[in-house]
Amino acid sequence: MQNRIQHMFQASIDTKQQALQVLPAAIEQASLLMVNALLNDGKILSCGNGGSAGDAQHFSSEMLNRFERERPSLPALALTTDSSTITSIANDYSYEEVFAKQIRALGQQGDILLAISTSGNSANVVQAIHAAHDRNMKIVALTGRDGGAMAPLLQPDDIEIRVPSSVTARIQEVHLLAIHCLCDLIDRQLFGSEE
Ligand SMILES: O=C(CO)[C@@H](O)[C@H](O)[C@H](O)[C@H](O)COP(=O)(O)O
Ligand SMILES: [Zn+2]
C-alpha cells in the first residue's frame, strides 16, 4: 500500500509543479480584486460542494478569524454552512438555488464571490455566478479540467484560477494552496509585509 501512497504524493507534487507554471498571475490578480473589494467596504462570499464546501469555509474562517498574523477580522461568509437555509431552499425550490438565493439576499455591489468547483459544472455554483453578476459582484472562480460551464460565464473583470488537472482530489489540493496564497497576499496588501 505504500506504493499507492507514494503514487498519490508524487501526483500531488507533479500537479503543484504544473500549476506553479501557470497560476501565479491569476492568483495575484484575484488577490488584487479581493483587496480592492475589502478596501471599499465589500465582503467576500464563498461557495462550493463537498470538499470545495470545505474550502469555501476554510477561506471564510481565515478571513473572519485570521490567517498567520494578528490583524483585524475581515468580512467573509461561506454560503455552505446554514443547513436550515440550504435544506429549505433545496426542498422548496431546487438544490441548484441553494447559493444563488442567499446571494440575492446578501450580495451587494462591490462584493466578491469565490466560486469553487473542480469540474466547473456544479449547477448550484453556476447559478451562484449568475446571481452574483446580477448583484454587480465580481467573481473569483477556482476551477479545474476545462473550466466547465463556469468558464464561459466569467466577465472581463472576473478571475479564473484553473488548475491544470482532471483529477478532483489533485485539483482540490491546489485549490487549498491557492486559498492560502490569497490569504497571505491579502494580509500583505492590507497590513504590510512582515519581512
Ligand atoms: O472532495 C471530494 C473529492 O475529493 C468530493 O466530495 C467532491 O467535492 C464532490 O464530489 C463534489 O460534488 C464535486 O463537485 P465539483 O468539484 O465538480 O464542483
Ligand atoms: Zn476531497
Side-chain angles (χ1 to χ4, degrees), residues 1 3-20 22-23 26-27 30 34 44-62 76-83 85-91 93-104 106-107 112-133 137-155 158-183:
M1 284 222 277
N3 285 345
R4 181 70 190 150
I5 295 167
Q6 285 172 358
H7 167 75
M8 291 175 78
F9 267 66
Q10 192 57 55
S12 192
I13 290 165
D14 294 345
T15 305
K16 284 183 176 167
Q17 290 284 12
Q18 289 151 27
L20 178 58
V22 295
L23 294 186
I27 294 170
M34 290 180 165
I44 303 168
L45 302 180
S46 57
C47 66
N49 295 277
S52 296
D55 290 341
Q57 290 162 210
H58 197 136
F59 176 79
S60 63
S61 71
E62 289 179 335
L77 182 69
L79 301 173
T80 53
T81 62
D82 181 341
S83 55
T85 295
I86 288 168
T87 54
S88 64
I89 294 171
N91 202 37
Y93 295 91
S94 155
Y95 187 64
E96 283 188 26
E97 286 297 306
V98 295
F99 303 135
K101 206 161 174 29
Q102 295 184 73
I103 291 166
R104 286 194 285 272
L106 300 171
I112 300 289
L113 174 67
L114 178 61
I116 310 172
S117 173
T118 63
S119 66
N121 287 322
S122 283
N124 56 6
V125 182
V126 169
Q127 291 308 314
I129 289 173
H130 285 299
H133 280 153
M137 293 168 61
K138 293 189 173 69
I139 313 297
V140 172
L142 277 172
T143 66
R145 296 189 175 92
D146 62 0
M150 286 168 59
L153 295 182
L154 300 179
Q155 296 175 354
D158 298 335
I159 304 286
E160 183 182 9
I161 300 167
R162 184 187 305 180
V163 177
S165 172
S166 58
V167 179
T168 297
R170 300 295 80 79
I171 295 166
Q172 289 172 333
E173 287 150 14
V174 178
H175 280 177
L176 182 52
L177 179 53
I179 282 167
H180 283 152
C181 287
L182 289 170
C183 292

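Only this structure's heavy atoms are used, side chains among them; waters, hydrogens and symmetry mates stay out. Every number for a ligand or one of its atoms is a count from 1 in the order of the listing. If you're wondering where the values come from, they're calculated on a predicted model, not measured in any experiment.
For Leu154, the side-chain contact (heavy atoms from CB on, under 4.5 Å) partners are Ile129, Ile139, Ala141, Asp158, Glu160, not counting sequence neighbours. In this structure Ala149 satisfies the side-chain contact (heavy atoms from CB on, under 4.5 Å) test together with Asn121, Val126, sequence neighbours excluded. Ala169 meets the side-chain contact (heavy atoms from CB on, under 4.5 Å) test with Glu173; sequence neighbours excluded.
Looking at Thr15, its side chain does come within 3.5 Å of a backbone N or O of Ala11 through a donor-acceptor pair.
No side-chain heavy atom of His175 sits under 4.5 Å from any side-chain heavy atom of His58.
Note that CZ of Arg162 and CG of Leu23 are 10.5 Å apart. Values are rounded to the nearest 0.5 Å.
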Check each N or O atom of ligand 1 against all protein N or O atoms and list the pairs under 3.5 Å, with atom names and distances to 0.1 Å, one per line.
| residue | atom | partner | partner atom | Å |
| --- | --- | --- | --- | --- |
| ligand 1 | 1 (O) | Gly51 | N | 3.4 |
| ligand 1 | 1 (O) | Gln172 | OE1 | 3.3 |
| ligand 1 | 1 (O) | Gln172 | NE2 | 2.9 |
| ligand 1 | 4 (O) | Gln172 | OE1 | 2.8 |
| ligand 1 | 8 (O) | Asn49 | O | 3.3 |
| ligand 1 | 8 (O) | Gly51 | N | 2.9 |
| ligand 1 | 8 (O) | Gln172 | NE2 | 3.2 |
| ligand 1 | 16 (O) | Thr118 | N | 2.8 |
| ligand 1 | 16 (O) | Thr118 | OG1 | 2.7 |
| ligand 1 | 17 (O) | Thr118 | OG1 | 3.4 |
| ligand 1 | 17 (O) | Ser119 | N | 3.3 |
| ligand 1 | 17 (O) | Ser119 | OG | 2.7 |
| ligand 1 | 18 (O) | Ser117 | OG | 2.6 |
| ligand 1 | 18 (O) | Ser122 | OG | 2.6 |

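Here Gln172 meets the criterion, with an N, O or S atom under 2.8 Å of the Zn ion (ligand 2).
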